[in-house]
2 protein chains.
Amino acid sequence: MKLTDYKQPSVTTDIVIFTIREDELKVLLVKRGIEPFKDKWAIPGGFAKFNESLDDAAKRELEEETGMKDVYLEQLYTFGKVDRDPRGRVITVSYMALVNSDKINLKASTDVKEAKWFNVKKLPSLAFDHKEILEYSLKRLKWKFEYTLVGFSLLPDKFRISELQNIYEIVFDKKFDKRNFSKKVHSLNILKEVGIVKDVNFRPPKLYKLKSNVSEIVNII
Amino acid sequence: MKLTDYKQPSVTTDIVIFTIREDELKVLLVKRGIEPFKDKWAIPGGFAKFNESLDDAAKRELEEETGMKDVYLEQLYTFGKVDRDPRGRVITVSYMALVNSDKINLKASTDVKEAKWFNVKKLPSLAFDHKEILEYSLKRLKWKFEYTLVGFSLLPDKFRISELQNIYEIVFDKKFDKRNFSKKVHSLNILKEVGIVKDVNFRPPKLYKLKSNVSEIVNII
DNA sequence: ACAAAAGTGTTGAGAGTACACCCATGC
DNA sequence: GCATGGGTGTACTCTCAACACTTTTGT
């Protein structure tokens, strides 16, 4: 029996790309330029090439959409219902990326008319089962924020405590007490002071970097 | 462009089946009857059929190996390196199952010479990238035990507290204080008393059932 | 002096951990 | 009465949550 004796499903990777802009948690969606679901919004993604790993396929898609490399990227879940794509049997391996949106250059491609950031609380109707994928991603995102240090990947290299707190407040959609937040972060012993902000018309805040040798799993909130 | 214009990877599901026997955490492995890796131990699995969902494929594999249905089954991670299978491009969607091993009837099949339970601390050399898959599964298993109630799926319907504690001690490979363990479990308010054990030559222990309306995420240890 | 955000300490409640003795049964 | 596992309470520590005022800078 050879591999080609089996009629095989097609495999795509879909990348849920999160960022924070305008003090909101946003996700990148693309408007489809082709059928099926032409003109519907969808999570960016595409077919995995035969000779590239799934991780590489996800990285490639991410770079095609945003021009960014070397960002936080994590596999989430593989969606494999038989009828999830009207073109035929397609399974999709979903990934989540966290990007610092300042540097991003959105691109269009042949299959895509338009790409746009959407507030995760104000999503349009989505193609395929992408609503389900997005809901799953949001849960995982919050989990990751609570138990690991991924939050730092949304910040520039040097940041102030208030910027860090702001990101947590946006993702969890609630306010934290700044004394408790600061105390907790400092007690983790993961930050290094690297200067202060200048030219602000208030007390100059300290700037921090994440220490380089920090282990991944830390309960931050 | 049609789906069939893409040369597609093949898709398998592999099921890491855990149980507790002889006071040890064990995993079910099969000895391969065919090439590649003939006579090597491997995680049970197989090709997903074209018209069955990934979850259904995993359930089918599980039933083929163990004869069991309706057990705890969860998708873990999808392994997609280009060279992970010498036969060609194969990606595998891994699943984890937790079974109560009393009822199990191991079966052999055409592709499999032999199936056997292995202590997770004494594993043989494994085919493909199955070592990596198993290590990942073990991490996830421990995580799930810590933060959810999956542990109960390794127990019979009615159980005593000491049996529950025993399972946690085996999975985490450490002892817990029985006063604290009992206090914690009772404080969660997830158990219902359903009788006592008879015919034991010591103080008869109470039997419990998991309450039916219990929500999933509970930090148990 | 005023506006703006930065920075910082104390207290109380609840959860987790350490620890040892008596109880109910069968033989 | 003895062997076996079952069942239970207290004290300490640590973490989390609530809460408000002073500091530093630019204008």
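These numbers were taken from a predicted model, which means no experiment stands behind them. Lettering of chains follows the sequences in order, A, B, ..., and the numbering in each one begins at 1.
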Whole-Å distance separating the [atom1] atom of [X] from the [atom2] atom of [N]:
X: A:Arg179; N: D:dC21; atom1: CZ; atom2: P; value: 10 Å
X: B:Arg203; N: D:dG7; atom1: CZ; atom2: P; value: 6 Å
X: A:Glu169; N: C:dA5; atom1: CD; atom2: C1'; value: 14 Å
X: B:Glu163; N: D:dG6; atom1: CD; atom2: C1'; value: 13 Å
X: A:Asp177; N: C:dG7; atom1: CG; atom2: P; value: 15 Å
X: A:Asn201; N: C:dA1; atom1: CG; atom2: P; value: 18 Å
X: A:Lys174; N: D:dC16; atom1: NZ; atom2: C1'; value: 12 Å
X: A:Lys184; N: D:dA18; atom1: NZ; atom2: P; value: 15 Å

### Message
Please check if the number of heavy atoms outside B:Lys131 that lie under 6.0 Å from its NZ is greater than 12.
### Response
no

### Query
So what does A:Ser162 touch, heavy atoms closer than 4.0 Å: a base, only the sugar-phosphate, or nothing?
sugar-phosphate

### Query
Counting any heavy atom closer than 4.0 Å, what does B:Lys183 reach on the DNA or RNA strands: base, sugar-phosphate only, or nothing?
base

#### Entry: Proximity to the side chain of A:Lys178 - top-ranked nucleotide from D:dA18, D:dT8, D:dA20
D:dA20

### Task
Report the nucleotide, chosen from C:dC19, C:dA6, D:dG6, that has the shortest atom-to-atom distance to any side-chain atom of B:Asn180.
C:dC19

### Query
Is it true that the NZ or CZ of A:Lys122 lies under 6.0 Å from the centre of A:Phe118's six-membered ring and within 45 degrees of the ring axis?
no

